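Worksheet: one structure, shown below.
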Amino acid sequence: MFLAKNSILSRSAIERLIMSGRVTVNGRLARKNQKVSGCELIKVDEPDPVPDKLLPENLPLDIVYEDEDILVINKPRGLCVHPAPGNQTGTLCSALLFYCGESLSGIGGVKRPGIVHRLDKNTAGLMMVAKNDMAHIVLSDALKNRHISRKYEGLCRGKLKEDCFTVNAPIARHSQSRKKHTVCPEGRESVTHVRVAARYPGYTLAGFRLETGRTHQIRVHMCHIGHPLAGDDLYGGKKGELGLYSQCLCATELSFDHPKTGQAMNFTVDRPEWFEAALEQLIRK
């Protein structure tokens, strides 16, 4: 491997950087075991160092439900779930460590304790958290087998012609941008069910039910069909439209069976104020 021979990084470190989209060859994301002739421009974007262990932080949590096994959190827009380059502190994981202490499930690793599924930093709404390893194993298995229902509401640009439809299009990391994902034949199966809730001038309010859980799935799928989420400038929306500076998307419903008792658990939250404010502008038009 060229980089292993010509840098101070280990082979395993280089492989992790390639898999995370941080190495490019002539402006395109590098592939593992890619051969080079020696005339290419290779760039390596090393992330900021992340602490080996998260530090607990006393941050506010909007707890919708709690028992000895699980937490259901209403995550606000702007809160990172776990540490990432540029967001090493002030994360949901650090808040959970402070609130739950050492009882939090460690299956997600030292940087993702208790995290069964995640939401993007600027997507608000419901998340479930495992407080012990038993709960984490059961919930992760339920998620893998599509026994957990996650529903979202989002504001899309343009007029959706059909009232109810499904987007079934595989998603993979974008070949030229590590921040983005895209629809491509080589991607992983990705299925989003869409139902129109209301139509406004130039926009459509829609509900989304995820059958799979790929990174940025709803955002990528709506961009793919030509109706990106309002405010989502990464995927074709316009930053600042309707006062939105990120995707207008919220996880409003979450349903699953309790990992210990098997009892059906169903949770809903209202759309956040910033979401309602965007809708109010459209209603007044």
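Worth knowing before you read on, the calculation uses all heavy atoms, side chains too, and leaves out hydrogens, waters and symmetry mates. If you're wondering where the values come from, they're calculated on a predicted model, not measured in any experiment. Position 1 is the first residue of the sequence, and the numbers go up from there.
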Original post:
Does the pair D120/R118 count as a salt bridge with the N-to-O cut at 4.0 Å?
Top reply: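 Salt bridge present between D120 and R118.
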Original post:
So, are E66 and K131 salt-bridged, with charged N and O less than 4.0 Å apart?
Top reply: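 Salt bridge present between E66 and K131.
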Any idea which heavy atoms bring [X] and [Y] closest together, and the distance?
X: N74; Y: L126; answer: OD1-N, 4.3 Å
X: A95; Y: L61; answer: CB-CD2, 3.9 Å
X: P272; Y: A124; answer: CG-CB, 4.4 Å
X: A251; Y: V269; answer: O-CG2, 3.7 Å
X: H117; Y: M128; answer: NE2-N, 3.0 Å
X: G125; Y: C250; answer: CA-SG, 4.0 Å

Judged by atom type as modelled, is there a donor-acceptor pair below 3.5 Å linking the side chain of [X] to the main-chain atoms of [Y]?
X: N26; Y: L41; answer: yes
X: Y235; Y: H224; answer: no
X: T268; Y: N266; answer: no
X: R271; Y: T252; answer: no
X: T204; Y: G158; answer: yes
X: H227; Y: R157; answer: yes
X: T212; Y: V191; answer: yes
X: Q281; Y: L242; answer: yes
X: K75; Y: K121; answer: yes

**OP:** Dump the intermediate steps for side-chain contact (heavy atoms from CB on, under 4.5 Å) on H221 and I171, then the final yes or no.
**Re:** CA-CA 9 Å; H221 274 170; I171 292 175; 3.8 Å; yes
Please tell me if the side chains of [X] and [Y] come closer than 4.5 Å, counting only heavy atoms from C-beta onward.
X: W274; Y: S246; answer: no
X: P76; Y: D62; answer: no
X: N122; Y: R77; answer: yes
X: L282; Y: L155; answer: yes
X: V138; Y: F256; answer: no
X: E57; Y: F98; answer: no
X: D67; Y: H258; answer: yes

**OP:** Under the side-chain contact (heavy atoms from CB on, under 4.5 Å) rule, what do C100 and L71 come out as? Steps first, then yes or no, please.
**Re:** CA-CA 10 Å; C100 297; L71 279 168; 3.7 Å; yes
Going by distance alone, is a donor N or O of one side chain under 3.5 Å from an acceptor N or O of the other, for [X] and [Y]?
X: T166; Y: H193; value: yes
X: E253; Y: S149; value: no
X: E241; Y: Y203; value: yes

Hydrophobic clustering (ILVMFWY, side-chain heavy atoms < 4.5 Å, transitive) - are [Y] and [X] grouped together?
X: M265; Y: M127; result: no
X: V23; Y: L29; result: no
X: L119; Y: M222; result: yes
X: V183; Y: I225; result: no
X: L79; Y: L97; result: yes

Between [atom1] on residue [X] and [atom2] on residue [Y], distance to nearest 0.5 Å:
X: D69; Y: D133; atom1: CG; atom2: CG; value: 11.5 Å
X: R173; Y: T182; atom1: CZ; atom2: OG1; value: 12.5 Å
X: Y152; Y: T123; atom1: OH; atom2: OG1; value: 7.5 Å
X: I148; Y: L254; atom1: CD1; atom2: CG; value: 7.0 Å
X: M134; Y: E68; atom1: CE; atom2: CD; value: 7.5 Å
X: C93; Y: L59; atom1: SG; atom2: CG; value: 11.5 Å

Original post:
Is the number of heavy atoms from other residues, nucleotides or ligands under 6.0 Å of D270 CG greater than 12?
Top reply: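 No - once you tally the heavy atoms of other residues, nucleotides and ligands closer than 6.0 Å, there are 12 at most.
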Original post:
Considering residues, nucleotides and ligands other than R146, do more than 12 of their heavy atoms fall under 6.0 Å from its CZ?
Top reply: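 Result for CZ/R146: enclosed.
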Original post:
Run the side-chain contact (heavy atoms from CB on, under 4.5 Å) check on R214 and V220 step by step: do they pass?
Top reply: CA-CA 10 Å; R214 309 304 174 211; V220 172; over 6 Å; no
Original post:
How are the rings of F267 and Y65 set to each other: parallel, tilted or perpendicular (split at 30° and 60°)?
Top reply: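 Answer is tilted, since the angle falls between 30° and 60°.
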**OP:** Determine, stepwise, if the pair V129 / L104 fulfils side-chain contact (heavy atoms from CB on, under 4.5 Å).
**Re:** CA-CA 9 Å; V129 175; L104 199 61; 4.0 Å; yes
